[in-house]
Colleague: 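Here's a structure for you.
Throughout, protein chains are lettered first and strands after them, A, B, ... in sequence-line order, and every chain is numbered starting at 1. Computed from a prediction, not measured in an experiment: that's the story for all the values here.
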Amino acid sequence: MARESEEPTKKKKKKKKKSRENKKTRSVLPNTRSKHDDDDAEPNRGCADNKIKTTKYTVLSFLPKNLFEQFHRFANVYFVFIALLNFVPVVNAFQPELALAPVVFILSVTAIKDLWEDFRRHRSDTEINHLDCLVFSRVERGYVEKFWKEVRVGDFVRLRCNEIVPADVLLLSSSDPDRLCHIETATLDGETNLKQRQVVRSFFDLDCDFNPLKYNSVIECEKPNNDLNRFRGYIIHGNGRRDALYKENLLLRGCTVRNTEEAVGIVIYAGHETKAMLNNNGPRYKRSKLERQMNVDVFWCVLILLVMCLFTAVGHGLWMFQYGDKRPVFDVLSPQGTDMSPIMSAIYLFLTMIIVFQVLIPISLFVSIEIVKICQVFFIHQDLDLYDEDTDSHLQCRALNITEDLGQMQYIFSDKTGTLTDNKMVFRRCTVAGVEYSHDANAKRLAMYQEMDSEEEECTSHGGTLPRRDSVSSHHSATAPPVVLRSHSTKSHRRTGSRAEAKRASILSKHTAFSSPMEKDITPDPQLLNKVNECSSQMDLLRFHSQPMSQLPSDLADIIDFFIALTVCNTVVVSSPNQPRHKVRVRFELKSPVKTIEDFIKRFTPSRLTSGSNSSSSSSLVTNRSSNRGCSSVLSSPSADSTLTKLEEEAMMSHSGLDHAFSPAPLCYDGKSWDQEEGELRYEAESPDEAALVYAAKAYKCSLVGRLPDQVTVELPHLGKLNFELLHTLGFDSTRKRMSVVVRHPLTDQITVYTKGADSVIMDLIKPPNTGNSKGKRQKKLVYRTQNYLNQYAADGLRTLCIAKKILTKEEYACWLQRHLEAETAIQGREELLFESALRLENNLQLLGATGIEDRLQDGVPETIASLRQAGLQIWVLTGDKQETAVNIAYACKLLDPEEEILTLNADSQESCALLLEESLHYIQAKFFCSSTEQAAKNFHPANLAPFDIYQPSSLSSSSSSSSHSTPFVVHRLGLVIDGRTLAFALDKSLEDKFLAVARSCRSVLCCRSTPLQKSMVVKLVRNKLKVMTLAIGDGANDVSMIQVADVGVGISGQEGMQAVMASDFALPRFRNLQKLLLVHGHWCYSRLANMILYFFYKNAMFVALIFWYQFYCGFSGSAMIDQWYLIFFNLMFSAFPQLITATLDKDVSAETLQQLPQLYMTGQNSEEYKPYMFWMNMIDAFYQSLVCFFIPYFAYADSNVDLFTWGTPITTIALLTILLHLGVETKTWTWMNWLSILFSVMLFFTVALCYNASCPTCYSPSNPYWTMQRLLQEPVFYLLCIITPVAALLPRYFYRSCQGSLFPSPVQVGRQLDRLPTETRRNILSLSKMKAESPLAHKTHFLSLAKERSSFSCSMTAGTNHSLASQRDEEADRRKPPPTLSDTTVGFYTEAEAPPYTKDPPPESEQQLAPPTAECPDQNASTPLLTHTHSVQLTLPPTGGSRCVKYTRNQEERLDHENVMLHTPQAPLATA
Amino acid sequence: MVKEEQPESVNRPDNTAFTQQRLPAWQPMLSAGIIIPGFVLIGLAFIGIGVALFVTSRSIQMLEMDYTGYEQNSPCFKCSDESVKNCMCNLDFNIDTLFKGPVFFYYGLSNYFQNFRRYGVSKDLDQLSGDMDAFLDPTSDCAPYQYDGNNKPIVPCGAVANSMFNDTFKLYQIVKGVKKLVPLDGKGIAWWTDYNIKYRNPTVKPLKNAFNGTVKPLNWPKPAYELDPSDPANNGFINQDFLVWLRTAALPNFSKLYRRITEGDYAEGLPAGNYSLEIAYNYPVLSFDGRKKVVFSNVSWMGGKNEFLGIAYLVIGSMCVVMSIVMLIVYAKFKFPEED
């Protein structure tokens, strides 16, 4: 590398500095170039340093800043305003200092909480800032240890194995012979596989150690941004040459260097500008539905307060007025001695009353809610049922303040892969060259796993040869922070997520992802295995005779190509099991037998087309170095169990590794030892499909043994290890839906493109076969057959992938390569160019075959879905999978019921979509008529009074009618399937209402082929338009947007990384945990909080009303008979604890009953525990109770010589007792804590009162109730009052509760009654009711009895064209009145519609004639077993207008035809009718 | 797999009754079996208490006489005119049977808002506890009765003190046409704590000197240190009448203890006969439509005469019983299928 003189650089530097402010890029200069080591001369001054500070406050700024933040909450401002108002002498009501107490108390509690959190942040910041790393120092001319916080942009850092990257570092050198550095990104995205990072290309050739002093390039790159997957820039060398930089060159902060002894890089982004930090956004704050509802009522409280104040003020004015000019002796004039006009008096009094009545606005409510929610989160965290043994993970609540929303969900949007399914991809079957290999043995093996799973879950996951060493050491690290290297890993996790997540990630990382024995051990199909063997032996033979490979029979060639494609076309990294994080280095030259040496020479002699883009390094050098590295990695393998020794060893190792690098000892692998280990190779794949395919190929002896950036080594039977030169990898992306590799085939020396991708895209890219010759015909047949099998696979619920290849001539390749290189080096719009480049390559493919991969359902998914559905939740599945696969999975997980009809919407234009929706609406309306009358009939049924019948029809209909605001829709036994393209049209502004109308009346909705954006749009649409509570659950990055949009986002902490978890509010280990989370915890949280909030309002209103009544007897003067202390501390102290205990511990129904009777969940959905009228009922009750509590003492002491506070104290006591007993009436379960808390409250009141009344005879102006309580306790009247008043006050409520509870109990009360029964009887009843309520929509037997007729009907629909159908439907609609609402349905309707004419009507003759000769209904037996019971409703459009409808049928012949046509005109699909 | 026994489940939650929300709990069920007997029991208990209270209250004797002089024929009519100073009037009454002692003598005011907020606040506790500093500088709470027109501090300041009730009564029994003075006991009518702890005179002797530089409240005829010339221990801030007045009444119609009749011939009570109450009528109430009265009453264990509490107990008690009967009927009609 040429060195450059100082001047130009300096000039450049100046220029850079000047332009830095307005430039869109960042330029990074090495710090070694500055003259002095002091900070001023630092060339990259505009960039943040590596010190992180996540704290919000400093010592000085804490108070003002925290207060400022707290005052953002309106309530706090209000209370401070009131407290300050008290300092105004004219209006003051209390001792001003005392009035501040509650506000100060609330503010300080919050402040202390904030302070503690901030302190924790500060502590961990310091810990992280003081981690060590090696930074190059110009003065020392070497690397010195520095703290992380001292690292600056432009510094050179040296990273050793297992170190954590301190900042975003551009990789300039690596000890790896291939110029690679492996990093583990689990802390960033949770992905457990190793990622490769490459040294910047220009430093690739460096044969000696990287010397920072010689570095004189400038890096131009993007401004700091938070996109983890993007990094663009270029490096300008001293000689003016530019080189592009990719994200593959960047090591991100927080990642761990693995598998690489040493790497050197330059810091590009530091501290808060690193991508990891920019991505780190704190916990989310959402406002729950209940809180929104509550805020409305808080507003009402304010209104009530104002009305009360106004009333009092007017009263005062009038009272003053009646005395006219004559002032009575007890009326105090203004301080100036002048008269106050009644009006002025009234105005002042208004303000005074606001102070006195302030308690009505529950100041402690907000704090109490927060406390209760924290407790709820604690309990949810602690639940053993939400803990997953396999992964040692439990539920995480990431959003702390929406626990009660869990009890109010109405719609669930679920991802499929990884959420409903395990995301354990298992190779099931494949078709190669048009021949299907059914892999029966494999299917049997999988069935066996299934059984094993259900019997003994733990076996599968813990089994196998997973080394536990890693996990052990990470446990150590958790408990032993002083250990430097390991503590790095735990500390840095916090930056990107919670500690728990990090821990989980580290535990996860002990497994290689996607490598359970179920996925690995594939039983090959004997037939195919034979063919592979035959094929490879033939190839071996051919090679031996140096004959061209084209002599191979084409089907055999296809087979071998198929497996090579499976092996090569991926990004799987191979590692050995002993050293899971150490890449297996298999250099072709080192281990292959001698016979391939000629091949080797042959391979490297022809002119290379790579034109310096890839490894142009001399192979001998690479060989040498890699052999040395091989040794060092052997040395490092037997690392000890204990962390400390391991650490020492690692430290030592890094040295020894260096030493060895220069020692000539040729210690290295030999082929034999390698062969022994071969069986235990581990594959680390980015996606489970890839791993599944590689394992599948391995089962056919075609195994991937090594992957380097420029070559892939494959071992084939007979042929031994073959070395594929990897020219390009065009990675997978969701728009292309495929990936390709360009390799040089070692046997044929041809440049071959292997493509693997979704069948829909690959099939479009297949080269149209030339039907002229036999080969073309064969190809065509192959394509048909493959398509046929693909459909079959899809019908079986398998994920399908097509494998294709293409052979490029050198010229074609050179032509493509040139443009590809241009695209690669472009800075602007590189992604688009690369995309286009990929499109140019991936065309005219030759189909090899297809694979079917099974994605297994998670345990308990069908049960969970069934019970969630019983709970009244609408479940939508949004998946990126294709329709057929999705539908089958939906059947498997009982989302779709074989007995229900399915509306399939497939349209390819806006108009056809509109028409389809219209059709569906008509159809549903026709159906709606029947079912609504049924429901009405059910409502009239006398059996309704039976205790368990009440759930089904009435509650369901009320739920649906209350949730829908416009028209009362009823959910039908209908399933809706819609694909991504149609969804795009349906989500259009003009159609979304119709789409919703259709979708909401379907029991389940399945959106296939939907993009992440569509997923979130669907959720948003449903949420905003239907005003329902939505929950989104998913596990992958593609679900993130959906999770964020939904009211509650749930992440599955599965195998696909942590992105979903990071975005979620709750993270679950498994889908089935959702059941308990929603049905039990959601219900409890909701009912507890709802009751607490209602109680709070009641409590405050009741207390304040006492004073209000008193105003009538004190000239509306704002006097309070309740001492100011009691008034202010009543809420904060005396009555606070019992309600907190009840709100945290109360269980209205036991967990078992809640789970067995999911219908109870509807209570929350319909907000039955907290309805607007309940607030007013509570208010009325509060006013009644306060009347009782006021007037009983009033009359008891009337006309006596009682003084103000001797009269007021009993009232306070009575009020407290009443309020506590009221809570007692509302408490459903009494644990010792409830008793204790109530006892404590009473004791606390008396203790405080006695102390207060004895403490100071002259303080506490103006009330000064000296010795009042003590005297009261000697009076019998006091006790008499305390007995009678609470009883009188609570009598109506108690009477109502007991009548209601036994005469017309709510479902929850019935559940509670069930709880009290002995377990035996309870179980019987529950099982009985379960049978009854199995599917809430299937409650009518006569409905089911119509099924037969229905099936024929739907068959005819399937067959018929929609012309007559639509017209018939219109007629039907005209003939009928508009669909009756639930309220006005009558028995008359029922009898009329008992046999709905719509279903009874025989289909018109013409329709039957129009039906294709292959009747579909009798054909059912021949179809795949899963679909046997399906009666799909086809809504087809006339074939005009280019619209089409993909039929979802079972007719094989027809489908073939259909596909046939489709293949010919891929761009203009057609309608089959 | 040797290390299997290592702590593999660091995240495993504790399996305790508390964390798993399985604490043993009592679930009160509102079922007929509990409610109806419960209500009956409570109702009966209340009725019992109610009867006892009612009987007790009935046994209390009470004599109430209005002397405002609102009506023309009332003996104090002549004094109701505010312009008349030092008006005296006599109220004659007779007692049929022995009025059992100890008899309590109250005066009562109606429509008098001692609980008016600004009124109740208008006093200086420091002053009243004998703090000499507060003598010269009363708290602003007392305004406008803080300083007089000459800017001299008022002691005791404030509206409460200023408006002190100043009618005085003398009770005579007319025995054979001769007025026989009934001795009235003015000690111990205020709270013990008020007299001994809460309010205190300054330690200055004689008491008069403490009041140097201050003026008496505007409405007062005499300064505080001369309230009771007969008993030096009943002067200043610990004058019992003053203390009684300071304890502001809770409701606008109230009575305050004036004297007790515990001495001499009247220790057993007021014998039957004719009595004459001599009233020094000083306190105007008619301007705000107030009324004044005197009350003679004796007390029982539950305090003064008040029939309300007994009636309340009876009503609530019988309501409980009625409710239980209603429920019984309801249950009989719609029997809850509890044994399902």
Colleague: Please classify the contact between Y313(B) and chain A as side chain, backbone, both or neither, with a heavy-atom cut-off of under 4.5 Å.
Modeller: both

Colleague: With rounding to the nearest 0.5 Å, note down the distance linking CZ in F254(B) to CG in L1204(A).
Modeller: 12.0 Å

Colleague: What part of F1205(A) lies closer than 4.5 angstrom to a heavy atom of chain B: side chain, backbone, both or neither?
Modeller: neither

Colleague: Got a second to check how far F39(B)'s CZ is from S1298(A)'s OG, nearest 0.5 Å?
Modeller: 5.0 Å

Colleague: Side chain from CB out, backbone as N, CA, C, O: work out which of these in R1312(A) comes under 4.5 Å of a heavy atom of chain B, or both, or neither.
Modeller: both

Colleague: Please check if the distance between the ring centroids of W319(A) and F116(B) is under 6.0 Å.
Modeller: yes

Colleague: Checking T1229(A) against chain B: side chain, backbone, both or neither under 4.5 Å from a heavy atom?
Modeller: both

Colleague: Using a 4.5 angstrom heavy-atom cutoff, name the option from T352(A), L349(A), T1144(A) with the most pairs to chain B.
Modeller: T352(A)

Colleague: Should H1081(A) and Q21(B) count as side-chain neighbours, where that means a heavy-atom distance under 4.5 Å?
Modeller: yes

Colleague: Quick one, D1199(A) with K293(B), criterion salt bridge (Lys or Arg N to Asp or Glu O under 4.0 Å). Give me CA distance, side-chain angles, the key distance, then yes/no.
Modeller: CA-CA 11 Å; D1199(A) 228 7; K293(B) 65 180 178 190; 2.9 Å; yes

Colleague: Between F1295(A) and V326(B), is any pair of side-chain heavy atoms under 4.5 Å apart?
Modeller: yes

Colleague: So for L109(B), is it side chain, backbone, both, or neither that comes closer than 4.5 Å to the heavy atoms of chain A?
Modeller: neither

Colleague: Between S345(A) and chain B, which part of the residue has a heavy atom less than 4.5 Å away: side chain, backbone, both or neither?
Modeller: side chain

Colleague: Examine whether an atom of F1116(A) lies under 4.5 Å from a heavy atom of chain B, and if so say whether it belongs to the side chain, the backbone or both; otherwise answer neither.
Modeller: neither

Colleague: With a 4.5 Å heavy-atom cut-off, do F308(B) and I1192(A) have their side chains touching?
Modeller: yes

Colleague: Among P252(B), A159(B), G120(B), S163(B), which has the most heavy-atom pairs under 4.5 Å with chain A?
Modeller: P252(B)

Colleague: By a 4.5 Å heavy-atom criterion (distance strictly below it), what part of V1080(A) contacts chain B: side chain, backbone, both, or neither?
Modeller: neither

Colleague: Does any backbone or side-chain atom of Y1113(A) lie under 4.5 Å from a heavy atom of chain B? Answer side chain, backbone, both or neither.
Modeller: both

Colleague: With a 4.5 Å cut-off on heavy-atom pairs, point out which of V1202(A), N1264(A), N1234(A), V1277(A) contacts chain B the most.
Modeller: N1264(A)

Colleague: Counting only non-hydrogen atoms closer than 4.5 Å, does S1150(A) touch chain B with its backbone (N, CA, C, O), its side chain (CB onward), both, or neither?
Modeller: neither

Colleague: For chain A, which of V121(B), D14(B), T248(B) has the most heavy-atom pairs under 4.5 Å?
Modeller: T248(B)

Colleague: Looking at L1145(A), N1201(A), D385(A), which one has more heavy-atom pairs under 4.5 Å with chain B than the rest?
Modeller: N1201(A)

Colleague: Using a cut-off of under 4.5 Å on heavy-atom pairs, state which of L386(A), L1291(A), L1280(A) scores highest against chain B.
Modeller: L1280(A)

Colleague: Looking at Y348(A), I want to see if its OH is surrounded by more than 12 non-hydrogen atoms of other residues, nucleotides or ligands under 6.0 Å.
Modeller: no

Colleague: In terms of heavy-atom pairs under 4.5 Å, which option from M1121(A), K1228(A), Q322(A), E1275(A) contacts chain B the most?
Modeller: K1228(A)

Colleague: Roughly how far apart are I1283(A) CD1 and I316(B) CD1, rounded to 0.5 Å?
Modeller: 13.0 Å

Colleague: Run the numbers on F288(B) and F330(A) for ring-ring contact (aromatic ring centres under 6.0 Å, His included), then give the verdict.
Modeller: CA-CA 10 Å; F288(B) 53 88; F330(A) 47 80; 4.9 Å; yes

Colleague: I need the residue from N253(B), N162(B), L53(B), N306(B) with the largest number of non-hydrogen atom pairs under 4.5 Å to chain A.
Modeller: N306(B)

Colleague: Give, for atom CG of D1203(A) and atom CG of N115(B), the distance between the pair rounded to the nearest 0.5 Å.
Modeller: 11.0 Å

Colleague: Below 4.5 Å, heavy atoms only, C-beta onward: do V329(A) and Y283(B) meet side chain to side chain?
Modeller: yes

Colleague: Below 4.5 Å from any heavy atom of chain B, which atoms of T1227(A) appear? Answer side chain, backbone, both or neither.
Modeller: backbone

Colleague: I want to check something: taking the side chain as every heavy atom from C-beta on, are Y323(A) and D289(B) in contact at a cut-off of under 4.5 Å?
Modeller: no

Colleague: Identify which part of K198(B) has an atom lying under 4.5 Å from any heavy atom of chain A, answering side chain, backbone, both or neither.
Modeller: both

Colleague: Nearest 0.5 Å please: distance from the CG atom of L251(B) over to the SG atom of C1114(A).
Modeller: 9.5 Å

Colleague: Verify whether one side chain among D194(B) and Y1266(A) offers a donor that lies under 3.5 Å from an acceptor in the other.
Modeller: no

Colleague: Please determine whether ring-ring contact (aromatic ring centres under 6.0 Å, His included) holds for the pair F379(A) and F18(B), giving the CA-CA distance in whole Å, both sets of side-chain angles, and the decisive distance to 0.1 Å.
Modeller: CA-CA 9 Å; F379(A) 279 122; F18(B) 176 67; 5.2 Å; yes

Colleague: So L384(A) and R12(B), side-chain contact (heavy atoms from CB on, under 4.5 Å) or not? Walk me through it.
Modeller: CA-CA 7 Å; L384(A) 264 179; R12(B) 191 193 175 89; 4.1 Å; yes

Colleague: Can you find a heavy atom in the side chain of C1299(A) that is under 4.5 Å from one in the side chain of V330(B)?
Modeller: no

Colleague: Grab the two heavy atoms, one from P13(B) and one from D383(A), that are nearest each other, plus how far apart they are.
Modeller: CG-O, 3.9 Å

Colleague: Could you state the interatomic distance from CG (L1281(A)) to CG (L309(B)), rounded to the nearest 0.5 Å?
Modeller: 5.5 Å

Colleague: Just so I understand: if I count every heavy-atom pair under 4.5 Å between each of W191(B), Y106(B), W26(B), Y119(B) and chain A, which residue has the most?
Modeller: W191(B)

Colleague: Using a cut-off of under 4.5 Å on heavy-atom pairs, state which of M327(B), Q27(B), K123(B), M302(B) scores highest against chain A.
Modeller: Q27(B)

Colleague: Compare all side-chain heavy atoms of W1232(A) with those of L23(B) and state whether any distance is below 4.5 angstrom.
Modeller: yes

Colleague: Under the criterion side-chain contact (heavy atoms from CB on, under 4.5 Å), I'd like the reasoning laid out for T1206(A) against R247(B): C-alpha separation, chi angles, the key distance, then a yes or no.
Modeller: CA-CA 10 Å; T1206(A) 313; R247(B) 200 153 268 281; 4.0 Å; yes

Colleague: Answer with side chain, backbone, both or neither: which region of Q127(B) has an atom nearer than 4.5 Å to a non-hydrogen atom of chain A?
Modeller: neither

Colleague: Less than 4.5 Å apart, side chain to side chain, heavy atoms only: is that true for T19(B) and H381(A)?
Modeller: no

